[in-house]
Amino acid sequence: MASIFGSLRAALPRIRSTHVSRILFTARNQLLQSSQILPTRYCSTTSVITMTTDLASTPTDSGDFRLPLDVKPTHYDVTIKTDLENSIFEGVVKIDLDVKNETSTIVFNSADLKLNDAALYSDQLKIKQVDPSPSFDDKAERCILSFSTPVPAGSKATLSIGFSGELTGAMMGYYKSSFEQDGTKKYYTLTQFEPTAARRAFPCWDEPLLKATFAVTMISHPDTVNLSNMPITSEEIYQPQTTKVEDPSLEALFSALTTQDSPEVQWKISKFQTTPPMSTYLVAYANGRFAHLESSYKSPLSGKTRPLRIYSTPDVIHQAQYALDIKAKVLPIYEEIFDIEYPLPKLDTLVAHDFDAGAMENWGLITGRTSAFLLDPKTADVAAKQRVTVFQSHEIAHMWFGDITTMEWWDYLYLNEGFATLMGEVIIVGVYPEWKVDSSFISEHLNDALDLDAKLSSHPIEVHCPDANQINQIFDSLSYAKAGSVLRMLSNFVGEERFLKGVSIYLKKHLYGNTVTKDLWQGISESTGVDVPRIMDNWISKIGFPVITVTEGENGIHVRQDRFLESGPAEEKDNETIWNVPLALLTATNDKVNIDKSVVLDTREKTLAIDTSKPFKLNAGTYGVYRVLYSDERFAAIAKEAAKGDTVFSLNDRIGLVHDIMTLSKAGFCKVSSALTIVDILHDEKEFLVWDSIARNITTLVSTWWEHEVIVNDLNVFRRELFAPIVKRLGYEYSPSESVDISQLRTRAIGQAAVAGDPAVVEELKIRFAQYMRMQDDSAIPGDLFRTTILTAVKHGGREEYEFAKALYENPTTPPSRSISAIMAMCVSQDEACIKDTYTYIMSKARTQDIIYFINGFQTNFRTRRSCAQFFQDNYVEVSCQLRRRGVPRRT
């Protein structure tokens, strides 16, 4: 690897003197002309538009938002008839209730459903009461039933309600998805309930605290497959003479079923096992003409063998094997780590063409979009494999975090998502150690979280969110990436083994229950003896994170914490929090490295006695959720030592160093030239992940000055001189025998050189794509280079290349990762007519779930950034109608 970067030694100092100086001089002159840029700032970040609501200002009294608890559900019998041909569903739900307080009013959730025959039977009173005219609160999505005789406290009752609704493409509740087969559009149905859409499929108490058991029965045509959380216990074709309908509330539903001999008009009844206690948002069912692949795993705890399946439409099932294999690999690892066996009899995955989120952790029936679970093993690149692996691992983590043990309310969403983010990555170490996921976590999650949390509009990880209408807003990088990063920091501070033991204690104490933050802290405190709440509370309950400023003196270093903001030093009113910061102080003497994890900054500032003539660094391993600001001289000294390899500073340290100084320079804490000097010093770096962090930050730097052509051109010269030599050394061909690191470095170098406009790289990629168009043969384009190749060809091409990309997106057999690449290629065209056509295409032909990819593609095209913003504003009502409030993909 050293030879790959050797030629950069002479080039980088020359780049710094001939290009960086001109960049800084030009930037300063141009930026100072803007009233929005302060003269003391060396660089300013152009922020992506972020829609936020001040969640902290919402009412503190949740009484208006939470359901009354006069009665609590304990069991649901849900019967659903699916009519794909007419795009409707209907059914009956019977709900067993514990009556906590005497009441004559029953309040539950319902939305977009027609309800009928609502009846309440009291076990104690032995009477059945009917409310012929229920009242509805559409804003709160509630139904209120009133009865003449109150049901007594301490008794049990059963509520029976008929319901029906339309199968739309809304991607929430019970909805329909489409695919093309032999030129014909076909449909199937599935559910997406998180956070509050179970109420759109059947009447229910749609809050995570109100767990119950569920017995699902599905009625459908015989040539379709029915799926739910649990295995099928019985399945039969409906025959009035032989099918027993013992429940009077179901008689009307069953009597309307046709019984002719033709399969098209027959109906089958599929009954599923009863679930363990679970929240409504985790209930799932689906109906369609699905195909499947099957595997199994053996529990390391009990020795039981459980079936594992993955379902999809028949046209893409061949792309599902990899996701199934990952599921079989990670399940036993989770069992061993948590010392808790996966409790359900099976675990299925259903791949959907139209899906709101990336994927969803329905207990026993994971669902997700095609890009989350499908790949063509013959053409898939490393990135696609990593994506599928992470998605599958993340959702399986939820089988414990979220499904077995569930947050009490959405305030504690991070107990689900933060853990799944962390554990979904940790588990992969046991499957693909060569991916170095602990190191990639820094760029993929930690840095992402810090970027968002550096905004004044941020919110705490644990955010007060009483109103269900605001819940979707907290499915962001703070609930996922920051929460996962804070838990990773805690794990490093107390020790991973003791941390995981505490997690196991937490899960075991709350099996099938609901939890809040203190429950987790108690478990980890028990296993470690550490006062975890004292260390962690402000990280969870307060906005933001600190920057630790290091000042060197004769007897050591003085460290001070202040809230970090992307706009520069925080004002006093925004700088009140004192975090307990694990400093993880690394010192080195005679090549002996010592990391003191016991040092905690729990005051505004303190002095630490160390020998500053020797290498040192705070946040060893980059586990801390904070930035560290040194003097320019110390940054350079750390970089020079880091450039020697892993002797003193690890891979994680080097990644963190790059991210810290680039971010600090963007916020005006140090000069951009200091940040680029770090890149200079690291020119002999051998690890892909360090080069990846460099590429990400230079891309951000170019993006910041996107409307300043001279600066962008100079930065692209800098970028070409960094990455083109790597391309020349590594070439364009991949070998199965080479390391993942080399493959990823080649991909990144070619991508960076291409986007920077390197003539040789652009021409090579255009030639390969032209052959693909001419011969319909993509063998000249390695899978890892497909996205870069199509983006380059369309950007530097014309109408022919654009139309080819569009046709690729529209082809139903195109693998998901290539389909996304085609979308983004349509958006990088420099042809005004093509750009206009793409805007029209978004509104007329694009799948709703893909709109986010189009918007992201336009954001990367400097030619379309402003027109994209205008397009979104001009078409906001229509786009929001398409998305139906849920179209922008959430994480899960």
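Computed from heavy atoms alone, side chains included, the values below leave out hydrogens, waters and symmetry copies. This structure is a prediction, so every number in the text was calculated from the model and none was measured.
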Is it the case that [X] and [Y] place a side-chain donor and acceptor less than 3.5 Å from each other?
{"X": "N861", "Y": "Q830", "answer": "yes"}
{"X": "S867", "Y": "Y839", "answer": "yes"}
{"X": "H394", "Y": "E417", "answer": "yes"}
{"X": "S443", "Y": "H659", "answer": "yes"}
{"X": "S703", "Y": "R865", "answer": "yes"}
{"X": "N811", "Y": "T813", "answer": "yes"}

Give a yes or no on whether the backbone of [Y] and the side-chain of [X] come within a donor-acceptor separation of less than 3.5 Å.
{"X": "T864", "Y": "F858", "answer": "yes"}
{"X": "Q849", "Y": "F355", "answer": "yes"}
{"X": "E801", "Y": "G798", "answer": "yes"}
{"X": "T699", "Y": "A695", "answer": "yes"}
{"X": "H683", "Y": "D680", "answer": "yes"}
{"X": "N697", "Y": "S693", "answer": "yes"}

If every non-hydrogen atom of [X] is compared with every non-hydrogen atom of [Y], which pair is closest and at what distance?
{"X": "F545", "Y": "V625", "result": "CB-O, 3.5 Å"}
{"X": "V388", "Y": "L374", "result": "CG2-O, 4.1 Å"}
{"X": "D448", "Y": "A481", "result": "OD2-CB, 4.3 Å"}
{"X": "D376", "Y": "P815", "result": "CB-CG, 3.9 Å"}
{"X": "C827", "Y": "T838", "result": "SG-CG2, 4.2 Å"}
{"X": "V761", "Y": "A753", "result": "CG2-CB, 3.9 Å"}

- request: For the pair R696 and E444, evaluate salt bridge (charged side-chain N to carboxylate O under 4.0 Å, His left out) and give the outcome as yes or no after the intermediate values.
  value: CA-CA 11 Å; R696 289 171 186 255; E444 296 293 338; 2.6 Å; yes
Pairwise distance [atom1]([X]) to [atom2]([Y]) - rounded to 0.5 angstrom:
{"X": "R387", "Y": "F373", "atom1": "CZ", "atom2": "CZ", "value": "10.0 Å"}
{"X": "L745", "Y": "L730", "atom1": "CG", "atom2": "CG", "value": "5.5 Å"}
{"X": "R563", "Y": "D453", "atom1": "CZ", "atom2": "CG", "value": "7.0 Å"}
{"X": "N472", "Y": "T196", "atom1": "CG", "atom2": "OG1", "value": "6.5 Å"}
{"X": "D451", "Y": "K666", "atom1": "CG", "atom2": "NZ", "value": "5.5 Å"}
{"X": "C834", "Y": "M826", "atom1": "SG", "atom2": "CE", "value": "9.0 Å"}

field: Where at least one partner belongs to residues 804-814, residue pairs that pass salt bridge (Lys or Arg N to Asp or Glu O under 4.0 Å), sequence neighbours excluded
entry: E803-K806
- request: Give every residue pair that meets the salt bridge (Lys or Arg N to Asp or Glu O under 4.0 Å) criterion with at least one member in residues 841-851, sequence neighbours excluded.
  value: D354-R847
- prompt: In terms of heavy-atom contacts, does CD of Q776 have more than 12 from other residues, nucleotides or ligands at under 6.0 Å?
  reply: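 Above 12, so yes.
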Verdict with supporting geometry, K385 and D381, salt bridge (charged side-chain N to carboxylate O under 4.0 Å, His left out): CA-CA 7 Å; K385 291 180 179 179; D381 59 357; over 6 Å; no
task: Any chance you could lay out the side-chain contact (heavy atoms from CB on, under 4.5 Å) test for R746 and D784, step after step, and finish with the verdict?
output: CA-CA 9 Å; R746 177 188 294 108; D784 292 74; over 6 Å; no
message: Quick check on the 6.0 Å ring-centre criterion: do F804 and Y772 meet it?
response: yes
task: State which residues pass salt bridge (Lys or Arg N to Asp or Glu O under 4.0 Å) with K176; sequence neighbours excluded, sorted by chain then number.
output: none
Sequence neighbours excluded, which residues qualify as ring-ring contact (aromatic ring centres under 6.0 Å, His included) partners of [X]?
{"X": "F786", "value": "none"}
{"X": "Y175", "value": "none"}
{"X": "Y626", "value": "none"}

task: Begin from the C-alpha positions of E566 and K455 and carry the test side-chain contact (heavy atoms from CB on, under 4.5 Å) through to its verdict.
output: CA-CA 6 Å; E566 65 177 4; K455 301 179 184 298; 3.4 Å; yes
field: Contact check, side chains of T663 and N447, non-hydrogen atoms, under 4.5 Å
entry: yes
message: Is any side-chain heavy atom of P812 closer than 4.5 Å to one of F179?
response: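 Contact flag for F179/P812 side chains = no.
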field: side-chain contact (heavy atoms from CB on, under 4.5 Å) between T677 and F635, intermediate numbers included
entry: CA-CA 9 Å; T677 297; F635 265 127; over 6 Å; no
message: Please determine whether side-chain contact (heavy atoms from CB on, under 4.5 Å) holds for the pair F564 and N575, giving the CA-CA distance in whole Å, both sets of side-chain angles, and the decisive distance to 0.1 Å.
response: CA-CA 9 Å; F564 178 81; N575 191 29; over 6 Å; no
task: Starting from the C-alpha separation in whole Å, work towards a yes-or-no answer on salt bridge (charged side-chain N to carboxylate O under 4.0 Å, His left out) for E832 and R863.
output: CA-CA 9 Å; E832 287 294 340; R863 193 181 185 94; 3.1 Å; yes
Side-chain ion pair, D837 and R799, N-O less than 4.0 Å: yes
